[in-house]
Amino acid sequence: TKKEMVKNLKLTEQLKKRAILTHFLEMLDLYEFELYVDEETNQLALSDNQHANLGDIEGDRFDNLANVINRMEIYHKDYIY
């Protein structure tokens, strides 16, 4: 039925989002960062496990994962290339 199709579509979208988040967190682990929600601002933030805090990345706050990914570009180039 149409109702079941909509339900399955929503479930599929949830699974995609979960998979994206899982892979993103794995990438952050490779770069030795942790993602958390800043309780004061209710925004995403990063913790540098190496304590280098280059460019004051630990002071940055992000509204969504896309912004975090953009900010991590320099680390991607450093670790992957």
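Since we're looking at a predicted model, the values are computed, not measured.
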- Item | side-chain contact (heavy atoms from CB on, under 4.5 Å) between Y31 and N49, worked out | CA-CA 9 Å; Y31 300 161; N49 293 339; over 6 Å; no

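Legend: residues meeting salt bridge (charged side-chain N to carboxylate O under 4.0 Å, His left out) with D60, ordered by chain and number and at least two apart, are R71.
Between V37 and Q43, every side-chain heavy-atom pair lies at or beyond the 4.5 Å cut-off. Residues S47 and F33 have side chains not in contact (no heavy-atom distance under 4.5 Å, counting atoms from C-beta outward).
In the displayed structure, N42 atom CG is contacted under 6.0 Å by at most 12 heavy atoms of other residues, nucleotides or ligands. Heavy-atom neighbours of E40 CD from other residues, nucleotides or ligands within 6.0 Å: at or below the threshold of 12.
Considering every non-hydrogen atom in both N53 and I57, the closest pair reads OD1-N, 3.1 Å.
Side-chain atoms of D38 do not come within 3.5 Å of backbone N or O of L44 as any donor-acceptor pair. Side-chain atoms of E34 never come within 3.5 Å of backbone atoms of D48 as a donor-acceptor pair (strictly under, hydrogens ignored).
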Could you list the donor-acceptor pairs under 3.5 angstrom formed between side-chain atoms of residues 17-30 and any protein atom two or more places apart in sequence or on another chain?
from, atom 1, to, atom 2, distance (Å)
T22, OG1, R18, O, 2.9

